[in-house]
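Read through the structure below, which is laid out as structure tokens, and then see the notes.
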Amino acid sequence: IFRTPFAMVTAGMFALMMTYLLARRDGELRARAVRFISAWSLVWTGPWLLAAWNYYRVVPGSQLGNFPVAFGTLRFEQLYGTLGWLIGAAVFAMALVAFWGLAAPRRLPGLVLIVPFVLSVWLLSYFERVREFVRKPDVIEEYLYSNALRRAEYPLLAEDGVLAHAVYTPVHQVNESNELIAGREIFRLACSRCHTTVGVNGAVQKLGDLFGWQPWDPAAIDTYLRGMHNARPFMPPVPGTDEERRALVHYLISLRELPVPLHGAQTAGAASRYD
């Protein structure tokens, strides 16, 4: 319901920009096109705003608390209100240009026709980020965590281990000889949907921000992982056994010394299993 009118408004903003690029400024075609497209965009703006209000209204209460982080990330969480005003200003600017194009298309400066399209693309991409984030720690509320593990599976995984039930992994249990490999596989299975090792949203940088860059204490990181979902409710709990969690801790610490990117679970994992 929200996306359809939003897509129609974005299409209108794109078409306005194309009239600037393709139609003669003093031509009748440009004036008629700008007027028609402006009317089109305004017609869809009402349903878009109503759908936006409805979208916010139906977000489950447990997920409303994620909006400040979804809007501004943890670093800019305190700017939640300011970002909300910026979004409102962007919508107002798009509507203002559309009203201008409807009332006086020949007086609308060409460069102004580009601004609404840029704003609409920004709003569209911003919405996709917020939509993905607000539902965390789930992708399906109360059923499927964002790490692709079902909530109902967690007691079984705590007893048997994640590795014991994984398909694309070269190891299925933790021992002294494979601790780092096992930790890597736990990261791949439980963390890599949202985190890289040393890239965008990298685990090393996140831990460095939390614990500083002095040598990390394994016990401190283990304690944090055990209660991480309480401190950061948009993250699912770490699944698996205590041994698997400790293997994950040692793997994360090893990444400081050897910051190796992690490849896809179903490519590197499957290949290493069957080689």
Side-chain angles (χ1 to χ4, degrees), residues 1-17 37-102 115-154 191 193-195 200-201 227-237:
I1 294 174
F2 175 82
R3 275 198 176 116
T4 298
F6 195 179
M8 296 300 183
V9 172
T10 303
M13 299 299 101
F14 174 74
L16 278 178
M17 182 184 70
I37 296 166
S38 297
W40 165 281
S41 302
L42 289 171
V43 165
W44 283 105
T45 296
W48 173 35
L49 296 179
L50 287 174
W53 170 80
N54 182 68
Y55 188 98
Y56 182 84
R57 185 181 63 85
V58 300
V59 171
S62 61
Q63 298 176 1
L64 287 175
N66 288 335
F67 267 98
V69 180
F71 268 62
T73 72
L74 282 172
R75 180 173 298 180
F76 302 106
E77 183 179 3
Q78 70 277 9
L79 298 178
Y80 173 51
T82 303
L83 289 169
W85 280 106
L86 288 175
I87 290 172
V91 174
F92 177 78
M94 292 163 59
L96 182 63
V97 172
F99 274 115
W100 190 352
L102 182 63
V115 174
F117 174 66
V118 174
L119 291 176
S120 66
V121 171
W122 173 67
L123 289 174
L124 188 62
S125 59
Y126 206 68
F127 164 71
E128 290 300 323
R129 172 192 156 73
V130 172
R131 179 187 66 81
E132 286 289 340
F133 197 94
V134 293
R135 61 186 181 180
K136 291 178 182 288
D138 302 308
V139 289
I140 303 175
E141 188 191 15
E142 300 298 325
Y143 177 76
L144 187 69
Y145 278 126
S146 56
N147 58 14
L149 296 174
R150 289 188 294 131
R151 284 176 177 257
E153 294 173 344
Y154 262 60
C191 311
R193 270 64 174 186
C194 300
H195 292 280
V200 176
N201 207 29
M228 177 181 63
H229 55 289
N230 296 319
R232 302 178 185 272
F234 48 83
M235 297 180 69

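What you see is a predicted model; the values in this text were computed from it and never measured. Position 1 is the first residue of the sequence, and the numbers go up from there. Values below: every heavy atom of this structure, side chains too, minus hydrogens, waters and symmetry copies.
- For the atom pair Leu42 CG and Met94 CE, the distance stands at 10.0 Å (nearest 0.5 Å).
- Separation of atoms CZ (Phe133) and SG (Cys194) is listed at 8.5 Å; rounding is to 0.5 Å.
- Residues Phe117 and Leu16 form no side-chain contact, since every pair of their non-hydrogen atoms from C-beta on lies 4.5 Å or further apart.
- Within a 6.0 Å sphere centred on CG of Leu96, other residues, nucleotides and ligands contribute more than 12 heavy atoms.
- The distance from atom CD of Glu142 to atom CZ of Arg151, rounded to the nearest 0.5 Å, is 4.5 Å.
- Annotation: salt bridge (Lys or Arg N to Asp or Glu O under 4.0 Å) contacts of Arg131 (sequence neighbours excluded): Glu128.
- Put simply, the side chain of His229 never gets that close to the backbone of Met235: no donor and acceptor are under 3.5 Å apart.
- Within the 4.5 Å cutoff, the side chain of Ser120 has no heavy atoms near those of the Leu124 side chain.
- Taken to the nearest 0.5 Å, the CE atom of Met13 stands 11.0 Å off from the CG atom of Leu123.
- Proximity of a side-chain donor or acceptor of Tyr126 to a complementary backbone N or O of Ile87 within less than 3.5 Å is not detected.
- With salt bridges taken as basic N to acidic carboxylate O contacts below 4.0 Å, none links Glu132 and Arg129.
- Ring geometry for Phe6 against Phe2 counts as perpendicular: the plane angle is over 60°, on a 0 to 90° scale with 30° as the lower cut.
- One finds the CG atom of Asp138 at 9.5 Å from the CG atom of Asn147 (value rounded to the nearest 0.5 Å).
- Expressed to the nearest 0.5 Å, how far CZ of Arg193 lies from OG of Ser146 amounts to 10.0 Å.
- Annotation: side-chain hydrogen bond (donor to acceptor under 3.5 Å, both in side chains) contacts involving residues 43-57, sequence neighbours excluded, comprise Asn54-Arg57.
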**OP:** Kindly indicate, with the supporting measurements, whether the criterion side chain to side chain contact (heavy atoms under 4.5 Å, CB included) is fulfilled by Val91 and Leu49.
**Re:** CA-CA 9 Å; Val91 174; Leu49 296 179; 3.9 Å; yes

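- More than 12 non-hydrogen atoms from other residues, nucleotides or ligands lie less than 6.0 angstrom from OH of Tyr80.
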